[in-house]
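Keep in mind the model is a prediction, meaning the values are calculated, not measured.
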Amino acid sequence: MQLHPLHFGRNLRENLVAKLMKDVEGTCSGQHGFVVAITGIENIGKGLICDGTGFVTFAMKYQCVVFRPFKGEILEAVVTMVNKMGFFAEAGPVQIFVSNHLIPDDMEFQSGDMPNYTTSDGSVKIQKDSEVRLKIIGTRVDATEIFCIGTIKDDFLGVINDPATA
């Protein structure tokens with residue numbers, strides 16, 4: 001963690017913790033997942049002055065809560081976009097794509113001003129802002145993002161809250 005000399009003084013520890021929270025919370029590392037919150041500081045090392053800048057680098061060891069979805073995990077997500085290829089949903093910071101091949105066969109795509117997937121009897125509808133329970137069947141991890149593929153073609157999966165009926 002690099003800190004400007006302006007922040008040195010009696011509040012050095014508090015300034016380091018505040019900068020750590022600002023810089024780390026909400027980020028994604030492919031190895032660990034999304035950092036949700038820092039829960040504790042274990043150790044702050046001695047500062048090392050950077051030549052020419054006056055900044056000081058501190059090694060910090062901390063504990064945090066992370067969110068990393070894995071294959072086979074069941075998540076509840078909110079649908080953000082529906083098209084004829086399937087739909088996109090978000091579970092916290094993770095975006096999940098559910099292909100139309102992974103949607104139950106009795107659901108058909110309906111185009112229009114509010115595109116959706118509807119059962120033949122019209123009792124269940126997946127549209128923007130619907131809440132769905134889905135299963136992760138694949139993940140792709142980049143350096144700063146995690147993408148998932150999901151399915152609702154299993155027992156106990158599908159719409160759990162439809163905004164049209166609320």
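- Without hydrogens or angle criteria, Asn15 side chain to His7 main chain gives a donor-acceptor distance under 3.5 Å.
- In the displayed structure, Met81 atom CE is contacted under 6.0 Å by more than 12 heavy atoms of other residues, nucleotides or ligands.
- For the pair Val17/Tyr62, no side-chain contact is recorded, criterion being any heavy-atom separation below 4.5 Å from C-beta on.
- At distances below 3.5 Å, not a single donor-acceptor pair connects side-chain atoms of Asp142 with backbone N or O atoms of Thr144.
- Here CG of Asn161 is found 10.0 Å from CG of Asp129. Values are rounded to the nearest 0.5 Å.
- With rounding to the nearest 0.5 angstrom, the CZ atom of Phe88 is 11.5 Å from the CD1 atom of Ile96.
- Annotation: side chain of Val24 is not in contact with side chain of Cys64 (no heavy-atom distance under 4.5 Å).
- No side-chain heavy atom of Ile44 sits under 4.5 Å from any side-chain heavy atom of Met1.
- Side-chain contact between Asn100 and Lys84 is absent, with no heavy-atom pair separated by less than 4.5 Å.
- Under the 3.5 Å distance criterion, the side-chain polar atoms of Asn83 are matched with a main-chain donor or acceptor of Gly86.
- Within a 6.0 Å sphere centred on CD1 of Ile160, heavy atoms belonging to other residues, nucleotides or ligands number more than 12.
- Taking 4.5 Å as the limit, every side-chain heavy atom of Phe34 sits out of range of all side-chain heavy atoms of Val66.
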Criterion side-chain contact (heavy atoms from CB on, under 4.5 Å) on Cys50 and Gln2, from CA distance to verdict: CA-CA 9 Å; Cys50 300; Gln2 277 199 335; 3.4 Å; yes
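- Between atom CG of residue Leu102 and atom CG of residue Leu134 there is a gap of 10.5 Å, rounded to the nearest 0.5 Å.
- Heavy-atom minimum distance, Lys71 versus Gly138: CG-N, 4.5 Å.
- Considering only heavy atoms from C-beta on, Met21 stays 4.5 Å or farther from Lys19 through its side chain.
- Val82 approaches Ile126 most closely through the heavy-atom pair CG2-O, 4.2 Å.
- Distance alone, capped at 3.5 Å, places no donor-acceptor pair between the Ser111 side chain and the Pro115 backbone.
- With respect to Lys153, the side-chain contact (heavy atoms from CB on, under 4.5 Å) criterion is satisfied by exactly one of Ile103, Asp105, Val98: Asp105.
- With rounding to the nearest 0.5 Å, the separation of CG in Leu20 from CD1 in Ile38 is 3.5 Å.
- In this structure, Phe67 is not a member of the same hydrophobic cluster as Val78, with clusters built from ILVMFWY side-chain heavy atoms closer than 4.5 Å.
- Side-chain contact between Ile136 and Ile149 is absent, with no heavy-atom pair separated by less than 4.5 Å.
- Residues Gly122 and Thr118 approach most closely at CA-CG2, 3.7 Å, considering heavy atoms.
- Following chains of ILVMFWY side-chain contacts shorter than 4.5 Å, one cannot reach Phe55 starting from Met60, and the two form parts of different hydrophobic clusters.
- Ser120 contributes atom OG, which lies 6.0 Å from atom CG of Asp106 (distance to the nearest 0.5 angstrom).
- With values rounded to the nearest 0.5 angstrom, Met114 atom CE is found 7.5 Å from Lys128 atom NZ.
- Residue pairs satisfying the ring-ring contact (aromatic ring centres under 6.0 Å, His included) criterion with at least one member in residues 107-162, sequence neighbours excluded, are listed as follows: Phe109-Tyr117.
- Across all their heavy atoms, Pro69 and Val94 have their closest contact at CG-CG2, 3.8 Å.
- The minimum heavy-atom distance between Arg68 and Gly33, with the atom names listed, is CB-CA, 4.0 Å.
- Gln63 has its side chain within reach of Thr39: a pair of non-hydrogen atoms, C-beta onward, lies under 4.5 Å apart.
- Residues Val79 and Ile74 share a single hydrophobic cluster, defined by chaining ILVMFWY side chains whose heavy atoms lie under 4.5 Å apart.
- Summarising the geometry of Glu25 relative to Ala37, their closest heavy-atom pair is OE2-CA, 3.5 Å, with the distance given to 0.1 Å.
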